[in-house]
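Contents: one structure, followed by commentary.
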Amino acid sequence: MSEKAGHGSALPDGTPLEIARAVIQQAESLGADVEVYAELSRTVTVKVHEGGVESVTTAEPRGVGIRAVRGGKTAYVSTTVMEPAGIDLGLSGLREHLECVDVDPHAGLPPMEEKALPVVDGLWSPGVGETSLDEKTELALSAESTALAREGIETVEETVYSDEESWVAVVSTKGVEAEERTTQSFVYTVAQAAREGERQTGLGFSAARSPQGLDARAAGKEAARKALDLLGGRPCRSGVYTVVLDSEVSAALFASVVQALSAEAVQKGRSVFAGKVGEMVAAPGVTLVDDGLHAEGLSTRPFDGEGVPQQRTVLVDGGVLSSYLFDSRAARREGGRTRSTGNAVRASYRSLPRVGATNLVVSPGSGSMRDLLTRVGEGILVEGVAGVHAGVNPVSGEISLGLTGRLIKGGSVSAPVREVTMATDFLSLLKGVCEVGEETRWVPLYGSVCAPALVVEGVTISGG
Amino acid sequence: MAGTALQRALRGGGDIAEVFAEERYSLSMKLEDGRIESSVTSEDLGSSLRLITGSSTVFGYVDSVEERALLDLASELSGGAKATAASKPVLSKVQTDRGGAVLIDPYQVETAAKAGLLHLADDAARGVGPEVRQVTAAYGETHQRIWVADSDGVWASDDRTRVMLSITVMAERDGVIQTGHDTLAHHGGLEVLEEPAVAALAATAAQRALTLLGGGPAPTGRMPVVLGNGFGGVLFHEACGHGLEADYILRKSSVWEGKLGQTVAGPHLFAYDDGLSPGMWGSAGCDDEGNPCQRTVLIEAGVLAGYLTDRLRADALGIALTGNGRREDYRSLPYPRMTNTYFGPGEASSEELIADTPKGFYAKSLSGGEVNPTTGDFVFAVEEGYLIEGGAVGRPVRGATLIGNGPEILKRIDAVADDLEVKAGMCGKEGQRVPVGSGQPTVRIKEITIGGTGT
């Protein structure tokens, strides 16, 4: 990417590592511990509609974020203006803010790790850069036409191909120096099924490290199937049900639960899992791992947002809570031998790192979807949830969501349901898991989660 | 400079070229555990270029507003072609007012004073009761200047200052944890965050958490619901507003497509998108395509009266341009987005409305929601709710989701009170977040499904 700096005559050439080192030097005058996160990326997004290109976006966004800690006070500035004058302006702001924020005895930057960063292969694929725009467009068109080919699909509402090549570095005055390039690409499509004036939609997706890893036709088929499955849905009777959550829904719910497994949330009294390490918090069939090094996970990196090595951390082991997620600050606050688990996550160079999951992996059990349905006999197969961002309270642990899915009758799926809600809470949900499916799927919609289908007892359904 | 870039962008052909440039400074500070843990500032400077040919758009951006970077981008987007001689457009300035007056410019106020507001909020919340265990308070300010020019001659700029203070209070009693949240925000300066207002906001959030500690589980099933004013406006935003955004109409993925002029609600119902009211969170001088913001009537006496358009969709549908082309920043394509939406006020008081409801649910405050515009099916989360028994507000109940279908629910709104209030929120669409106001007077829905765990 450095050779393609043609856009930015004002921007420094060089790798993120070189840029970060230069900024560290410039920041010396702050008299603070300083960490610089520099990011150069390249991104392409193609939207297609009705067989044609609706829009193409290409860009090479770049920026730096500077975290300064002095006397227990933390201030952060980010800028897209990467020339020395822009950095200077940012630093002068930092100087003022370092006076105004409060002292946090646990604030600080992580020290350089003694052991080398893990080596993870396959994070960067040449396919993203080498594949032409036409071929990328073709992937999106293929997802669209596959969905449209299915009888009953009237329209495909939107289809998007997108990829990103991201090159980031973290450098600090505490000796941290890390740099990594990664690629990602995905395609998704939303199909619309119509029958007798009723319309329903379904989402299909595929994500990989390169366009060559995508299955656009499978995304198209998935979208069509999901939309058709929902036609004719009606509310079901209110009551307490045994439900089967498909892997996409179980991914959504585990991504919600993990917010309360952040050590920061626990330390600040914002978690229902506080004080429960070593206790049964879930059914024995539930094992949950945050795996920052998983070969298939799209959040896999050698290091986290503050340069600490990512790792595999078992959170729930056979139903027993075994660990929380830590960044360096939460680890320091714990004292003793507690160390960061490499879970300082950054959305981009514009934000401070915060504690979050990398790749969340729910261990599979035994039993195909058919087995699970047979064992449930009567219940609901939940295939979609709505309102996750507002309907889950990560502090109280309460969950109340809209759902779509199908009734289970005599061990088989039957009529679709919609306009009903399901309500439970984190602990009831985890303890109510009575079967875990054997097939898992990577779901890139709520972070990076790999989950099987689950059978959960005792879920309150509100409908007609 | 913009004119030259537009000319260059068009030299390979194309109908319209547009340059959008932005300079933004933002500051946020967060307090938790009684401490201001950090400050985060960001400086964004960049520009983007959009080239529209028929129904196809090519878009790119650079993290720079310098002429050379923009001209390079124009060359790249035009495919480097030199065949067509495009003329340099004649730009004429669009005159607009600002989205809100700035009486106390936050940029001129020292950071320590803003830090003081967060401590004040913390103290006020903790003073409400010993059950308050944690207070998270956030201060945010944004100064955004945008410039837009297009090859049809539009030339506009806008200057937007927004400040926000939000607070979440966590309370605990006997192992039960509940939270209460509230936000004060506007398009304008620090004058909105006077000390008494900040203290009152914190106390409201804390009181909400304490109230819910004593609450039972929310009911399940269908019943009449009275939706409180202010944040209750999430109802219109989700149940109707998104489906009136013209990109959904154009691609036939809105349940409201083809319904202009039809009766969609009772004659007592009026709804607006208002990007013009000074000081409202979602207001601005012009939209992010340089078109003046306006007040658009969406529902007039129960009849669907309009859609929300940006330039692309207004042209494609052959309907009026409403100045709703918004984008998160220079890195994003504009889409039709709501500004501030609300139901117009009626004549009854909210007390009368509740007194007229023998048995039901009072959703005093909502926290957010989601809609599928194609089906109109929506959900929204109730933060603070009460049972209504014998026409009076009864015991509090904990969070629950309300679920329904937009067109059906709109028809079931049978009473509208006089207490219109518009609150601030962030709305996500196409991966972009923009500030929107949502509001309403207290309204009653004859029947809607509540997703609790009780009976």
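No experiment lies behind these values; they were computed from the predicted model shown. Every chain is numbered from 1 and lettered A, B, ... according to where its sequence line falls, protein lines coming before strand lines.
Both the backbone and the side chain of B:A112 come within less than 4.5 Å of a heavy atom of chain A. Contacts between B:E37 and chain A at a heavy-atom distance below 4.5 Å involve backbone atoms as well as side-chain atoms. With a 4.5 Å cut-off on non-hydrogen atoms, B:S55 touches chain A through its backbone but not through its side chain. For a residue to count as touching a neighbouring chain, one of its non-hydrogen atoms must lie under 4.5 Å from one of that chain's; by this rule A:V103 touches chain B with the backbone only. Contact of B:R50 with chain A is not made at all, since no heavy-atom distance falls under 4.5 Å. Neither the backbone nor the side chain of B:E447 comes within contact range of chain A; no heavy atom of the residue lies under 4.5 Å from a heavy atom of that chain. Only the side chain of B:L333 comes within less than 4.5 Å of a heavy atom of chain A; its backbone N, CA, C and O stay farther away. Heavy atoms closer than 4.5 Å to chain A are found in the side chain of B:L27, but not in its backbone. Using a 4.5 Å cut-off between heavy atoms, B:S254 touches chain A through its backbone atoms (N, CA, C, O) alone. Contact annotation for B:F378: neither backbone nor side-chain heavy atoms come within less than 4.5 Å of a heavy atom of chain A. Residue contact with chain A, scored on non-hydrogen atoms closer than 4.5 Å, involves the side chain of B:N372 exclusively. For chain B, the nearby parts of A:T57 are the backbone and the side chain; heavy atoms of each come within less than 4.5 Å. Using a 4.5 Å cut-off between heavy atoms, B:E430 contacts chain A through its side chain alone, with no backbone atom that close. Proximity to chain B is absent for every atom of A:L98, based on heavy atoms less than 4.5 angstrom apart. Heavy-atom distances place the side chain of B:D377, and not its backbone, under 4.5 Å from chain A. Only the side chain of A:Q192 comes within contact range of chain B, with at least one heavy atom under 4.5 Å from a heavy atom of that chain. Of the atoms belonging to B:V255, it is backbone heavy atoms, and not side-chain ones, that fall under 4.5 Å from chain A.
Ion pairing between A:E39 and A:R62 fails under the 4.0 Å rule for side-chain N and carboxylate O. With respect to A:R42 and A:E164, no salt bridge is recorded, no charged nitrogen being found less than 4.0 Å from a carboxylate O. Salt-bridge formation is detected for the pair B:R133/B:E172: a Lys NZ or Arg NE/NH1/NH2 atom is positioned less than 4.0 Å from an Asp or Glu carboxylate oxygen. Using a 4.0 Å cut-off between a side-chain N of Lys or Arg and a carboxylate O of Asp or Glu, B:E141 and B:K114 qualify as a salt bridge. Salt bridge present: B:K30 and B:E32 bring a charged side-chain N and a carboxylate O closer than 4.0 Å. Ionic pairing of A:R329 and A:D327 is not present here: no N-O contact between side-chain nitrogen and carboxylate oxygen is shorter than 4.0 angstrom.
In this structure, B:H242 and B:Y248 have perpendicular ring planes: the angle between them is above 60°, well past the 30° mark.
Comparing B:G60, B:S38, B:A381, B:G34 by heavy-atom pairs within less than 4.5 Å of chain A, the highest count is held by B:S38. Comparing A:S396, A:G397, A:S238, A:A386 by heavy-atom pairs within less than 4.5 Å of chain B, the highest count is held by A:A386. Each of B:T449, B:V379, B:T111, B:I177 has some count of heavy-atom pairs under 4.5 Å with chain A, and the biggest count is that of B:T111.
A cation-pi contact, defined as under 6.0 Å to the ring centre and within 45° of the axis, links A:R346 to A:Y37.
Side-chain N or O atoms of A:R67 include none that pairs as donor or acceptor with a backbone N or O of A:L352 at under 3.5 Å.
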